[in-house]
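Please read the structure below before turning to the comments.
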There are 2 protein chains.
Amino acid sequence: MISAEILTDALKKAGMRITPQRIAICRLLSQTDSHPTAAMLYDEIRREYPTISLATVYNTLDALVGLGMVNVLGSAGDGKVHFDADISPHVNLACTHCHKIIDLPSVRMSRIESEVSQISNYALQGARILYYGLCPQCQTINNQK
Amino acid sequence: MISAEILTDALKKAGMRITPQRIAICRLLSQTDSHPTAAMLYDEIRREYPTISLATVYNTLDALVGLGMVNVLGSAGDGKVHFDADISPHVNLACTHCHKIIDLPSVRMSRIESEVSQISNYALQGARILYYGLCPQCQTINNQK
DNA sequence: TTTTGTGCAAACGTTTTGCAATTAT
DNA sequence: ATAATTGCAAAACGTTTGCACAAAA
């Protein structure tokens, strides 16, 4: 969990203007661990700013991703792109039935990251460590969608 | 690198019919390590079957993914879904500039997988281990897209 | 022969874009 | 003041779907 100011400060340092909409997006991103999609953020922010557009959400997300402040997790089997404001190298775990994504901060990935870095000569910018399967609930409930 | 027969056999065992189009898709998947998208496979197969449709490619890919024979890597920053016929747990490395994806089979992930399995109680089905950054070429070339 | 798969085209949902009006600086 | 950002609408893109025809079993 990160503070919203770290995100807005990053935008400011990059020469971008701090608008109420962007503050709201940064606040939501920093406060959630639900790996939201653009549409989820949009729906949430519309309560406060009924006229905000999806384009603004995408615009801000792109900027934050470009600054390395937000990770793109990709689809969780639902065809939508999920975002994660926790950029520390950690394992994400997606349920292929209910499409929820949780974090597994207890699994240490730093050793893997340094290995990848050494072997590849890539200038690493981030990682998506996503395991997927059925969560305990979706295993027990007789889940035929 | 897997043999095409393993893929076609899996389709057959699942009760699906073996058509020339599906054989071609399985052959391409098994012969490449380029983590193709549906469109890439489509373009390639069209040389041999000019009338094949994208729908058939998606249909077959979905079946193979459903059977656990093919992994969905997700987007490499290009907005397209990349597929991988190598389902062993290994690190993938994507370049955020040229959008190529390579494998790093030397980095061992089996320990991480068992850790995830123990901690989470999920019925694991697979993993997408994707690091991203700039590949050596895209670092040196003065790359402003 | 029967049932599944194919190809086409149209539909879908997410994401992107163009532009005039607005707003942060 | 001025330059960036917004919101809207329309467009673009990848992917999915419906259906008549073709082909595998």
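Here is the naming used below: chain letters follow the sequence lines, and residue numbers restart at 1 for every chain.
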Review point. Do A:Val91 and A:Ile87 belong to the same hydrophobic cluster, where Ile, Leu, Val, Met, Phe, Trp and Tyr are linked whenever their side-chain heavy atoms lie under 4.5 Å apart, directly or via other members?
Key: no

d([atom1], [X]; [atom2], [N]) in whole Å:
| X | N | atom1 | atom2 | answer |
| --- | --- | --- | --- | --- |
| B:Leu11 | C:dT4 | CG | P | 15 Å |
| B:Ile52 | C:dA9 | CD1 | P | 16 Å |
| B:Arg22 | C:dG7 | CZ | C1' | 13 Å |

Considering non-hydrogen atoms only, spot the tightest contact between [X] and [Y] and give its length.
| X | Y | result |
| --- | --- | --- |
| A:His90 | A:Asp86 | CE1-O, 3.2 Å |
| B:Tyr49 | B:Ala24 | CE1-CB, 4.2 Å |
| A:Lys100 | A:Gln137 | NZ-OE1, 4.0 Å |

Check your understanding: Side-chain contact, heavy-atom cut-off 4.5 Å: B:Tyr58 with B:Val81?
Key -> no

Review point. Tell me, for nucleotides 14-25 of chain C in 5' to 3' order, what letter each nucleotide earns: B for a base near a protein heavy atom under 4.0 Å, S for only sugar-phosphate near one, - for neither?
Key: SBBB------BS

Exercise for review: Check whether any side-chain N or O of B:Asn59 sits under 4.0 Å from OP1 or OP2 of C:dT6, and answer yes or no.
Suggested key: yes

**Study point:** From CG (A:Asn121) to CG (B:Leu93), nearest 0.5 Å
**Key:** 10.0 Å

Point to revise | B:Leu28 backbone acceptor or donor facing B:Thr32 side chain under 3.5 Å | key: no

Check your understanding: To which residues is B:Leu73 joined in a hydrophobic cluster, defined by side-chain heavy-atom contacts under 4.5 Å among Ile, Leu, Val, Met, Phe, Trp and Tyr, whether direct or through other members?
Key -> B:Ile101, B:Leu130

Practice item. For DNA chain D, note the earliest and the latest nucleotide, 5' to 3', having some atom under 4.0 Å of a heavy atom belonging to chain B. Key: D:dG14 to D:dA25

